[in-house]
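Reviewing the structure listed below.
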Amino acid sequence: MTIQHNTGTLPSQEKHLVLLRDGRTLIGFLRSIDQFANLVFHQTVERIHVGKKFGDIPRGIFIVRGENVVLLGEIDMDKPCDTVLQQVSIEEILEEQRLQQQAKQETEKAKVTALKDRGLSIPKADNLDEY
Amino acid sequence: MFRFQSLDEDCTLEKEEGLVEEEDEIDQFNDDTFGDGAIDDDWQEEHKRLAELEEQKNDGLGGLGLGTLGMGGMGGGNASTVHLPPPASRVPHPSSLPPPHHSLSSIPPPGLEERGGGDLAESLAMLILGVDPAIASVGGPAGPDDRSTGLPPPPSIPQQHHHPSQLPPHHQLTPSGLPPGPPHLSLLSYQQHQHLLRRGAAPMQQMNSHNIWENNLGFGPVSITPGLITQMEDSPLMSIIKEVGLPNRPPPMMSEDGRDLSERAPPPRSSSPVIGSPPVRAVPIGTPPKQPMSHAMNHHHHQQIHHPTAIHVRAPVQHRYPPSFPERISPNTLLNIANSPLCRPPFPAGVGPVLSQIQRAQMLNSQVAGFPRGCQGPPLLPGGGGFRPFFGQPPPHRMGPHPGGPPPPNHNHVPCPIIRHNTTHLHPQHRRMLTQRMQSRGGERGGRVGDWRSRDPYSNLMSQREKEWVAKIQMMQLQSTDPYLDDYYYQNYFEKLEKRQERDRDGVRKEHTTKLITPQVAKLEHTYRPVQFAGSLGKLTVSSVNNPRKMIDTVVTSRTDDEEKREKQVWNKRRQILYTVEKMYSLLLEVQDFEKRFMQTPEEQREALLEQHKTHTLQLYSSLKEKEWDDRVSDEQCLLIMSVRKGKRLISRLIPFLPPLQAATVVMGIARNLPALAKKDKQDQVLCWLVEPIAVVISSLSSASLTDLLQELQGSEGQLSRVLQNKFGVTLLYLILSEGERMQSSNPTCQLMDDNRWTELVFSVTRELLNVPSSSLSPPLFTPPNLLSLFSRYVDRQRLELLQEKLQISALSRCVWGCA
């Protein structure tokens with residue numbers, strides 16, 4: 001565990017990355033944490049990935065409720081950053097995201113129609129989140 | 001409040017300097033050289049002087065600096081020894097006093113030179129003497145009001161009248177026990193009060209050492225990181241105050257150790273966490289750790305005796321440099337602090353060491369790693385003993401000089417990560433890996449840290465204790481008495497890793513895989529007993545994670561023995577019967593399936609199967625029959641089985657499979673016990689299931705058996721009537737009769753008539769039938785058509801007609817059979 005070994009250093013020397021249950025990725029300085037994994041993020045940036053591109057949206061201070069955290073990790077600034085990802089502007093990435101969502105919806109719709117024709121129905125996954 | 005207010009400081013400074021320059025009579029070096037103890041005046045004279053002072057005060061306002069005020073405040077602490085400069089000289093201003101041994105200023109900065117003259121000093125002294133609460137108000141985050149209430153009306157220093165115009169807004173708390181100028185105090189602006197307080201705090205520093213005059217008012221010049229200073233002063237100040245035993249001081253204020261009202265860091269939390277199943281406590285388990293109060297204070301407490309008049313308080317050396325920061329400061333403040341010393345113009349040489357010393361002290365004592373180290377002054381002192389008032393509770397495991405956490409990866413420290421006591425639950429291999437990682441990272445980061453940290457003022461939001469607390473909770477989850485059970489894959493993974501590493505390293509030394517040996521955590525049973533007050537209804541419950549609220553009050557009730565026995569008996573018996581029935585069923589099922597299986601099995605095995613089949617059937621029958629007699633069904637058993645619906649079903653299915661003789665006996669048994677069965681069947685009404693198989697059996701009966709059967713049916717006295725009351729019984733009777741008739745009619749040579757029994761029996765039946773009231777005669781399932789012909793044989797016409805009517809035997813049927 002990072003915290004227990006770096007408790008001498010602060011939880012905010014390095015940035016942390018948290019993945020939330022709704023799929024968002026937040027990167028920022030982790031200022032505080034508690035036993036429920038509620039997090040306080042400072043200078044947060046929401047990073048959206050679409051394909052090979054990504055965009056950062058600055059969000060300020062975030063307080064995340066622990067139950068929505070999927071995982072949390074420290075970003076190692078030392079590691080060489082040789083990703084193939086290409087950073088783009090916010091507008092662009094949002095646009096890309098929108099297109100991606102659209103495409104997804106269309107395929108989903110097609111699937112549902114196809115199933116319906118065959119008399120089957122599969123409930124939408126997002127309603128079953130809890131189970 | 002003690003934080004620096006830069007603008008004000010500037011103003012003050014200028015004004016003070018102005019003042020100082022013009023005060024020729026200030027013997028600033030007097031105190032420098034001789035210190036407090038050098039002056040030893042008679043207090044009575046002092047008093048007189050002060051009284052004069054008071055009178056003169058009204059003439060004009062002096063530009064008595066805030067330093068004076070401070071001094072006054074400070075002086076209050078040193079009640080008994082008031083060391084005033086000789087009357088002739090100007091009051092040795094606190095600022096002009098010689099700095100302490102560890103003084104942060106060698107030369108008292110000009111700004112805080114004494115304002116007044118000797119009289120001033122005296123008045124100050126009086127003030128000091130007189131007003132204890134003043135100190136309190138100085139120390140705390142008091143507003144102006146506190147001041148005003150605490151202090152006596154500040155007399156103006158008469159000597160200050162030369163400069164009445166200079167500092168009009170500045171008022172001073174002149175040290176006079178004499179009455180007033182309350183307006184003075186009231187005129188003090190908030191900011192000025194702040195100054196006062198701060199200044200007051202500064203001189204209070206002195207309390208740690210010998211005397212009040214000997215102060216490191218090198219802090220005084222607000223230009224020098226006042227914020228820092230005041231912070232440093234806070235704790236000793238507070239400790240002193242505590243010692244002095246100021247009653248007025250409300251305890252909660254203590255916790256607000258030098259907190260800036262405007263930039264308040266989050267308030268201390270209420271209580272410490274209790275991990276594990278707690279006894280009933282006031283606070284639930286999930287509360288984070290309490291903010292440690294000023295440890296210097298606590299420490300001081302433990303170490304020192306309270307003096308009511310603690311002038312000669314000998315603070316331990318440690319207190320000289322108290323924790324610069326309380327555990328948590330607001331980032332803004334931190335920023336300010338960080339910036340001020342850096343941004344300020346350099347001071348006269350004398351001030352230089354002050355700065356560095358402050359820095360040093362702060363660096364050493366800082367619990368907050370984020371403290372700006374941009375000003376990398378002197379290297380960290382290795383022991384820092386004298387500069388480490390903040391002891392807290394250095395955990396035994398900690399290595400390195402720092403009280404807090406693993407030492408920041410600074411150059412001076414050996415980058416050895418500290419093995420945490422709460423990591424015992426990790427696999428040794430895992431721990432090794434983690435420490436390696438730490439080391440490598442520590443090594444890398446060493447150089448860069450200082451710079452980085454200077455720019456991250458928000459990094460101190462979580463105290464060390466809190467971080468550890470959260471970590472502890474997480475590690476608790478790893479506690480287990482059986483790691484292989486709880487976390488099998490984790491254990492195996494690390495073992496494999498180890499093996500692999502050994503292999504890669506050519507495993508010269510064959511150390512067997514290190515297995516995790518968890519400390520055996522004694523799983524204590526913490527039964528929670530709710531608090532209950534005598535005589536009250538109900539129980540108090542403090543619910544927490546480990547003892548959640550009791551939803552249901554379960555009470556064990558024990559019934560009386562008799563009742564229980566009886567109930568038990570009944571149930572047991574029934575269970576027994578059912579059990580028997582079950583067993584029989586399983587046999588029956590096999591028997592029933594016999595044919596199918598027979599078909600399926602190959603030739604060779606068929607015989608075996610047949611044998612098996614026979615055994616089964618035999619078994620079935622044997623379970624029914626009487627122990628010794630083969631040809632009689634055990635009444636008891638029969639009854640038992642038939643008392644259960646399932647049993648009846650069983651019998652009905654069983655009969656077809658039995659060999660005729662055995663089947664006959666079963667039927668006999670049924671007939672014999674019909675009344676009882678009928679009674680038991682009242683609820684179920686399923687006897688009629690038996691009709692069909694019995695019919696089959698009857699049809700295959702010989703005449704003798706038939707007669708027997710009829711006899712059985714009639715059985716004892718009154719049985720028949722009961723039989724007639726039951727549907728099944730009636731049906732059975734009819735069946736028998738019709739069978740008999742059939743026999744007679746079909747086979748004239750039938751032996752039925754040979755035996756008189758049959759005739760007699762029939763007679764009795766007819767008699768009974770006639771006698772029995774119609775209402776009690778139960779309608780049969782079906783009426784065999786040849787009954788009438790039967791009766792016609794035995795009874796005369798009259799009776800026949802009666803019977804006919806009763807039994808509702810249709811004429812049609814009579815016709816049909818009449819000719820037979």
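So you know, we letter chains A, B, ... as the sequences are listed, proteins then strands, and number each from 1.
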Considering all heavy atoms of both residues, which atom of B:Val470 and which atom of A:Ile33 are nearest to each other, and what is their separation? CG2-O, 3.6 Å

To the nearest 0.5 Å, tell me how far B:Leu461 CG sits from A:Phe29 CZ. 12.5 Å

A:Gln35 and B:Gln474: which non-hydrogen atoms are nearest, and at how many Å? O-NE2, 3.6 Å

Where is the tightest heavy-atom contact between B:Met462 and A:Arg31, given as atom of each residue plus distance? CG-O, 3.4 Å

Suppose we screen for ring-ring contact (aromatic ring centres under 6.0 Å, His included). Which residues come up paired with A:Phe54, at least two apart in sequence or across chains? A:His49

Quick one: which residue pairs count as a ring pair (Phe, Tyr, Trp, His ring centres under 6.0 Å) with a foot in residues 63-107 of chain A, not counting sequence neighbours? none

